[in-house]
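The structure under discussion appears below in the form of structure tokens.
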There are 2 protein chains.
Amino acid sequence: MEQVSQQQSPPAKRPTIADIARIVGVSKVSVSNALNGQPGVSDATRAKIAAVAEELGFVRNSAARALSGAKAAAVGLALCRPARMLGTEPFFMELIGGIEKVLSDASYSLALQVVSDHERGLEAYRRWWGERHIDGAILVDLRRDDARVPALEEMGLPTVVIGHPSGSGRLTPVWSDDAAAVRETMEYLAALGHRRVGRIAGLTGLVHTAIRDEAFAAACADLGLDALPTVHTDYTGEEGARATRRLLLSPARPTAILYDNDITAVAGLSVAQELGLSVPQDLSLVAWDDSPLAQVVRPPLTALSRDIHAYGAHAARTLLDLIAGRPVTGYEDQAPQLTPRGSTAAPPAR
Amino acid sequence: MEQVSQQQSPPAKRPTIADIARIVGVSKVSVSNALNGQPGVSDATRAKIAAVAEELGFVRNSAARALSGAKAAAVGLALCRPARMLGTEPFFMELIGGIEKVLSDASYSLALQVVSDHERGLEAYRRWWGERHIDGAILVDLRRDDARVPALEEMGLPTVVIGHPSGSGRLTPVWSDDAAAVRETMEYLAALGHRRVGRIAGLTGLVHTAIRDEAFAAACADLGLDALPTVHTDYTGEEGARATRRLLLSPARPTAILYDNDITAVAGLSVAQELGLSVPQDLSLVAWDDSPLAQVVRPPLTALSRDIHAYGAHAARTLLDLIAGRPVTGYEDQAPQLTPRGSTAAPPAR
DNA sequence: GATCGGCGGTTAACCGATTAAGGCGTGAAG
DNA sequence: CTTCACGCCTTAATCGGTTAACCGCCGATC
């Protein structure tokens with residue numbers, strides 16, 4: 001605690017294109033053109049410039065470049081998470097990983113801000129865009145009638161929305177067909193013989209929650225299953241446990257439960273075991289989003305898997321297209337795939 | 001898939017200080033000074049300028065500001081994770097949350113890049129710093145003889161290292177006393193009556209792994225416990241399960257195991273149950289880093305808890321001090337606290 | 001032989017903010 | 001009555017790169 005760190009000071013003037021120009025004996029503009037692959041520079045000169053730039057360890061000053069009307073080479077992502085939900089979901093780390101991969105290949109960087117609510121998230125986008133800090137944005141946690149959508153539209157900020165087109169307005173959506181995944185799962189459970197299936201869902205306000213809710217109800221109707229009332233949670237283990245307990249202690253106890261994320265599913269598994277129910281003999285469980293977590297518990301959880309990394313990558317790629325002015329349609333990613341594991345089986349004969 | 005999103009184009013020229021100056025009838029400099037709280041502007045003028053700026057929705061162009069030698073108002077973090085480890089650890093999301101909180105309160109933003117190895121992480125820092133995109137950096141996953149440390153020192157980039165001072169060179173360290181936590185845990189296990197304790201650790205190259213390894217060996221010696229060879233993993237559930245299986249099937253089976261993260265501990269718990277051992281009667285488990293995950297499994301895991309959010313916040317605060325040129329000492333955070341839960345008990349009488 | 005069209009460059013102006021240096025009243029001190 | 005010090009503001013120059021406009025030269029074309 002005593003040692004004072006003394007970071008050496010010499011801010012060591014960085015070389016600029018003017019330095020390179022002087023050394024090579026040409027004008028700044030030629031250097032700029034050469035370094036940017038613009039025409040109007042002979043190959044010989046170009047090579048000389050490249051060599052000197054390399055030797056000097058030249059790095060473009062992005063501020064100056066941005067000031068001259070060029071791109072900022074960055075995109076923004078404001079993540080709205082109340083503190084306690086942070087870190088509970090592997091989903092976002094993976095999504096960010098996928099986004100980052102594409103961006104860094106294009107030498108773009110990601111400006112990330114974790115905020116407490118959508119209001120402040122919008123502020124972040126507004127500030128970044130106003131400051132010309134970003135060229136585009138990615139919007140997550142899309143809600144119904146999301147106020148951020150019209151706001152971003154009005155700002156003219158190129159934006160990709162991770163969420164269903166029904167809620168993305170004129171912004172570009174990247175989404176997956178959650179309804180199909182729900183249907184597939186329900187058909188699977190029905191085929192196993194289940195007649196009473198419960199659902200423990202995520203936050204009500206989110207678009208994808210609503211879509212899954214609807215698909216669930218529709219599938220129950222189509223397959224002639226008893227539709228238990230869906231229970232909504234905040235994705236935390238505590239609420240997942242509470243909701244599961246409620247469902248399992250109700251008179252019409254379900255023989256299978258579909259969860260909206262892995263954390264609540266794992267919590268539900270513990271609750272079932274506490275109550276003396278064995279999984280999958282007495283109760284089947286299905287988790288949304290596969291993860292190491294879903295695989296290490298006993299029994300391993302049947303899950304709706306999707307390649308989240310690729311999902312993020314698609315979103316980033318779409319955004320880069322949008323920024324570059326290339327014609328962009330929304331992108332529908334692959335629907336989550338049902339991966340049966342040890343947590344699902346036929347219901348107990350009664 | 002057919003709908004082509006047509007983000008409205010009018011890039012709508014943003015107001016600049018020149019616009020404000022023209023409207024108010026003063027010079028650009030006065031506007032700049034007024035908006036930055038610099039002296040030399042009368043209160044009346046200042047108020048008028050503020051009003052016009054507000055009305056126009058003026059946002060400072062950070063590129064221009066950065067170009068003029070001011071701060072970039074951003075710090076960089078390059079996260080080195082092989083793709084498959086991404087999202088497995090809640091640790092980083094929480095850490096980032098804490099960092100972000102402090103930064104955004106200071107109107108700083110975080111440039112984040114997820115890279116595959118340290119080499120590319122260093123490249124990111126170099127590019128950001130060269131481009132004047134960041135004012136400082138945070139270094140994580142500190143390794144022994146980490147090549148990034150001398151490189152960053154030489155670059156003169158203000159950097160806070162999250163890791164033990166022994167490996168941070170002249171950069172500023174922010175760390176917690178892992179050795180003390182290991183000691184506390186071992187004393188606790190010894191007091192319960194355990195004599196043979198195993199340890200399933202993280203990556204060998206990391207500084208904190210080495211420190212914990214040493215503390216573990218020292219504690220075993222001091223307390224007269226059998227020192228089983230430490231098994232190193234990559235923090236994934238698979239390796240945690242494999243290592244646990246190996247340990248439990250060895251002739252000198254331990255009665256307690258200390259894990260280096262929560263994922264491996266949960267995997268270990270499943271393995272124990274598979275092998276017919278009940279926890280904590282036959283085997284005690286301790287996880288490093290508390291998390292919702294550690295609490296939802298049955299039995300809930302005894303864990304070494306620390307406030308990761310605060311840890312990140314301290315690092316960010318230290319970095320801001322460093323950037324501002326305030327005298328900075330390293331910061332030693334609170335040591336992880338042992339939180340006993342249901343996964344630890346006295347060993348079986350033999 | 002005069003004209004046209006590129007190529008390979010150049011100079012000038014500009015992006016939007018900041019810092020440095022200076023000017024002009026006014027009131028107080030000498 | 002001068003002189004000095006300030007308060008309030010202005011002009012000029014600068015950061016590092018990009019874009020626009022223009023220029024001389026050489027070979028091909030008519």
Salt bridge present between D321(B) and R317(B) (N-O < 4.0 angstrom): no
Tell me whether the OP1 or OP2 atom of dT18(C) has a side-chain N or O from S68(B) closer than 4.0 Å. no
For D145(B), look at atom CG and say whether over 12 heavy atoms of other residues, nucleotides or ligands are found less than 6.0 Å away. no
For atom CG of L67(A) and atom P of dT18(D), their distance in whole Å: 11 Å
Between A64(B) and N33(B), the residue closer to the 5' end of DNA chain C by nearest nucleotide is A64(B)
OP1 or OP2 of dC9(D) versus the side-chain N and O atoms of S42(B): is any pair under 4.0 Å? yes
If you look at every strand shown and take non-hydrogen atoms under 4.0 Å, does V26(A) touch a base, only sugar-phosphate, or nothing? sugar-phosphate
Report yes if at least one side-chain N or O of N36(A) is closer than 4.0 Å to OP1 or OP2 of dT18(D); otherwise report no. yes
Calculate, to the nearest 0.5 Å, the distance between atoms CD and OG1 belonging to E153(A) and T159(A) respectively. 9.0 Å
In this structure, how many angstroms lie between the P atom of dA17(C) and the CD1 atom of I20(B), rounded? 8 Å
At 4.0 Å (heavy atoms only), tell me whether V29(A) reaches a base, stays on the sugar-phosphate, or touches nothing. base
Does OP1 or OP2 of dT18(D) have a side-chain N or O of S32(A) closer than 4.0 Å? yes
Any idea how W175(B) and H164(B) line up, ring-wise: parallel (<30°), tilted (30 to 60°), or perpendicular (>60°)? perpendicular
Please state how far atom CD1 in I17(B) lies from atom C1' in dT11(D), giving the value in whole angstrom units. 14 Å
Interatomic distance, Q38(A) CD vs dC7(C) P [rounded to whole Å]: 14 Å
State whether the distance check finds a donor on one side and an acceptor on the other, under 3.5 Å, for side chain T45(A) versus base dG9(C). no
Tell me: CZ of R65(A) to C1' of dA17(C), nearest whole Å? 20 Å
So does Q38(A) have more than 12 non-hydrogen atoms from other groups sitting under 6.0 Å from CD? yes
Length of the line joining H133(A):NE2 and dG16(C):C1', which is rounded to integer Å: 17 Å
Angle class for the H314(B)/Y331(B) ring planes (parallel below 30°, perpendicular above 60°, tilted otherwise)? tilted
When rounded to whole Å, the NZ to C1' distance for the pair K28(B) and dT19(C) reads 12 Å
Stepwise salt bridge (Lys or Arg N to Asp or Glu O under 4.0 Å) test for R120(A) and D117(A): CA-CA 6 Å; R120(A) 310 203 55 185; D117(A) 57 67; 5.5 Å; no
Gap between atoms CZ and C1', on R46(A) and dG9(C) respectively (whole Å): 13 Å
At 10 degrees resolution, what angle do the end axes of the helix from dG1(C)-dC30(D) to dG30(C)-dC1(D) form when each is taken over five base pairs? 50°
Are any of T16(B)'s side-chain N or O atoms less than 4.0 Å away from OP1 or OP2 of dG16(C)? no
